[in-house]
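Data first, discussion second: the structure below is written as structure tokens.
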There are 2 protein chains.
Amino acid sequence: MSETLGDAGPRRPVTLDDVARRAGVSQPTASRVLNGSARKVNEALRERVVTAARELGYTTNLSAQAVARGTSRTIALVISGISDPYFSAMAAAIMRQAELAGLRVSIAVTDRRSDRELELVREIRGHQPLAIILAGTGFLAPHPEDTLVDELRRYEETGGRVVLISRTDLPFETVSFDNHEGARQLARELAGLGYRRFLLLGSGTALLGMQQRIDGFVHGLADEGISHAADRILYPEFSWDGARRAIESLEEDTLREVELVFAITDDMALGAIAGLRSRGVSIPDDVAVAGFDDITTLRDIVPSLTTVHVALDTVAEEAIHRATTDGEVFTRKTVPAYPVLRESTPGV
Amino acid sequence: MSETLGDAGPRRPVTLDDVARRAGVSQPTASRVLNGSARKVNEALRERVVTAARELGYTTNLSAQAVARGTSRTIALVISGISDPYFSAMAAAIMRQAELAGLRVSIAVTDRRSDRELELVREIRGHQPLAIILAGTGFLAPHPEDTLVDELRRYEETGGRVVLISRTDLPFETVSFDNHEGARQLARELAGLGYRRFLLLGSGTALLGMQQRIDGFVHGLADEGISHAADRILYPEFSWDGARRAIESLEEDTLREVELVFAITDDMALGAIAGLRSRGVSIPDDVAVAGFDDITTLRDIVPSLTTVHVALDTVAEEAIHRATTDGEVFTRKTVPAYPVLRESTPGV
DNA sequence: GCGCCGCTGGCAACCGCATTCCCGCAGCGA
DNA sequence: TCGCTGCGGGAATGCGGTTGCCAGCGGCGC
């Protein structure tokens, strides 16, 4: 055959037809053998098809399959940023769970731009995945969320499932951490260690989950009879740098009064630490610091960071479960979060 | 119409046909308007089509488009792990460049299992992307690489492009850092700071790029007349924990002689630091430490880590360029890497 | 020995979109 | 006014795979 000499030029990919022909069966039969079908095929034929497929190096054209079936075994994950340790840990957890469920996952990154988020969702809709999981914390301000909601609604109407993680602002299936309770417990533990004068760093951007952490912390302090906490709450830009700058621009007097800084994320806690150090403050001797998220890659920070641990795997599992179980309506589910005390808050 | 009352049950997604019908044009015309076609369409019709599409919330079915066109604007990125800061930074860089080039990127994670890697490549082949970029450091040992090579070859034969990052062991387009030169320059700088007695941490798994870092470092020391360096090279497991354990199980006498530990990755350098600290060694006063990769998320480590900076964006750009430019053969390209001295190596 | 049923393979239609080809039409020059 | 050219719309076909349906075959019961 010309097989032997034809090594140049892009050859056409091997199709199911090729396999069928080589195995001497019809194309539907080959399809039934190679791609999970309910119908049985005679063992001898099955064997021939499998062999032919292997010899030819056949791979199912997943696009064609998706078109024909009208659906795919893929779930789409939308996150804010891939190099953010929180999101990458989340993505890893989701992928782990998805693999267990025999699902592919395709990741899309919004880069924290909500226009991009909308664009991505539209594009994803074009892929007709089984489900869309939105793990990015939504930024309410910039663009009309209704457009996004519309888009997601449309997607749901055509049989897709939408799952939100840590984002209770949209009317879809939601899985989130117990931000309020986690922060509250943390506050109580810290109060138990003798801390009394706190500085809280929230998010300048309106983020529901983040505000819950602030509220929970304040609530926890109130539980312990510390009621003046709400005086010292800052809302800098929601980032490492935002936290650092907030600390750096603090009045000297104000800073001197602070015993402990609680930031709503580990990332911001690190920014706060950087800011504190640039002002010559020693941690934890002068000021203690606590964060939220318990990010693994921060294990090497010195002093080790007191924070609130969130069960990513549980959240991921719940999310995948909701993504794959259709019909039922779960509404909102909350996963526990609990404080982890480390060296950055040794107590007074 | 029944439109008004039919709000229950999965409705069929809006297709191009629906749009065409509503706009009162033929389906090809709608196609030409909505998806980039060479042919022009009358402005009035174009308008009608666009409006109809918007009103109906039409989204191109990308799978169908891929089937019809036989190709897609997607590139597939294969990395070892998503929560590894190095890979997530790499992925972020690739996505940035891809977006500039108007490409989608779908990420697949091997979890460092080479069987999974093979499986993924087969699956990816089924998606018929424009290109496959393999950024994971290959693990040569476990499975016959030829199978992977076969698979990639097949993919190339059907018009796809394969690009490898930091992985010079396979016969495809390759972009990598100048590991050797980067490490060599670092060694020379450190020698210039007065360090003389080094401990090197390599990779127990055979990884070409990683070995180059060791070789380059040794070479650099030799440049400075330090020739006995090769005595103190350890090859622990290629991970944070591997490095930590290697340090912890060091003989007391051996440890006492060490002035500086060079690890082939920042990750391992951190493991080494953890190990050193657990043995009561102060950094950098007793022992200095240097790594490789210059991972951004480690900015908060104290003391800040001396390392070798790699230009991720340049690598990503080169990779995308190779992924999109067909016909030409680029073979192997090297991107510079240069040392960055920080607090972890103050000099003797 | 006949009829019925169940099993399994193949035919053909179909999924949603792109593209080729054909044809009508307007515009232009002669 | 006629013919030619060029543009743009539409019918038909194809992409790779799936699935409803029919037909043929073998097994079984009576």
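Computed from a predicted structure; not experimentally measured.
Across residues 24-35 of chain B, Q27(B), P28(B), S31(B), R32(B), N35(B) each have a non-hydrogen atom less than 4.0 Å from an atom of DNA chain C (numbered order). Heavy-atom distances under 4.0 Å link DNA chain D to no residue of residues 122-129 of chain A. Contacts with DNA chain D (heavy atom under 4.0 Å) in residues 60-76 of chain B: V67(B), A68(B), listed by number.
For E99(A), the salt bridge (charged side-chain N to carboxylate O under 4.0 Å, His left out) test picks out R113(B), R116(B), with sequence neighbours left out. Here R104(A) pairs with E123(B) under the salt bridge (charged side-chain N to carboxylate O under 4.0 Å, His left out) rule; sequence neighbours left out. Every residue two or more places apart in sequence or in another chain that forms a side chain to side chain contact (heavy atoms under 4.5 Å, CB included) with T59(A) is listed here: R122(B), R125(B), E151(B). A search for side chain to side chain contact (heavy atoms under 4.5 Å, CB included) contacts involving A93(B) returns R96(B), L312(B), D313(B), A316(B), not counting sequence neighbours. Take V67(A) and apply the side chain to side chain contact (heavy atoms under 4.5 Å, CB included) test, not counting sequence neighbours, and it matches S63(B), A64(B), V67(B). Listed by chain and number, the residues in a salt bridge (charged side-chain N to carboxylate O under 4.0 Å, His left out) with E318(A) are R322(A), K333(A) (sequence neighbours excluded).
Where the helix from dG1(C)-dC30(D) to dA30(C)-dT1(D) starts and where it ends, the local axes point in directions that differ by 40°; five pairs per end, rounded to 10°.
Protein chain A contacts DNA chain C over a range whose 5' and 3' limits, counting nucleotides with an atom under 4.0 angstrom from a non-hydrogen atom, are dT8(C) to dC15(C).
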Test F172(B) against E156(B) for side chain to side chain contact (heavy atoms under 4.5 Å, CB included), laying out the working first.
CA-CA 10 Å; F172(B) 297 97; E156(B) 271 197 332; 3.5 Å; yes

Determine whether V19(A) and V33(A) satisfy the following criterion, side chain to side chain contact (heavy atoms under 4.5 Å, CB included), listing intermediate values before the conclusion.
CA-CA 11 Å; V19(A) 175; V33(A) 170; over 6 Å; no

Working for side chain to side chain contact (heavy atoms under 4.5 Å, CB included), residues L130(A) and R161(A)
CA-CA 7 Å; L130(A) 225 55; R161(A) 294 189 68 79; over 6 Å; no

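No donor-acceptor pair under 3.5 Å is formed between the side chain of D84(A) and the backbone N or O of G81(A). A donor-acceptor pair is defined here as one N or O able to donate and one able to accept, closer than 3.5 Å; no such pair exists between the side chain of Y155(A) and the backbone of I124(A).
With V163(A) as the fixed residue, the side-chain contact (heavy atoms from CB on, under 4.5 Å) test singles out one of T174(A), I133(A), I94(A), L134(A): I133(A).
Between Y58(B) and E43(A), the residue whose closest nucleotide on DNA chain C is further toward the 5' end is E43(A).
Closest to the L45(B) side chain, of the nucleotides dG16(D), dG8(D), dG9(D), is dG9(D).
What you find for L56(A) and V14(A) is that their closest heavy atoms are O-CG2, 3.4 Å.
The nearest whole Å value for the distance from the CZ atom in R21(B) to the P atom in dG10(D) is 13 Å.
The side chain to side chain donor-acceptor pair (under 3.5 Å) analysis of residues 20-30 of chain A, with sequence neighbours excluded, yields the pairs R22(A)-E55(A), S26(A)-T29(A).
The 12-atom threshold is exceeded at CD of E119(A), counting heavy atoms of other residues, nucleotides or ligands nearer than 6.0 Å.
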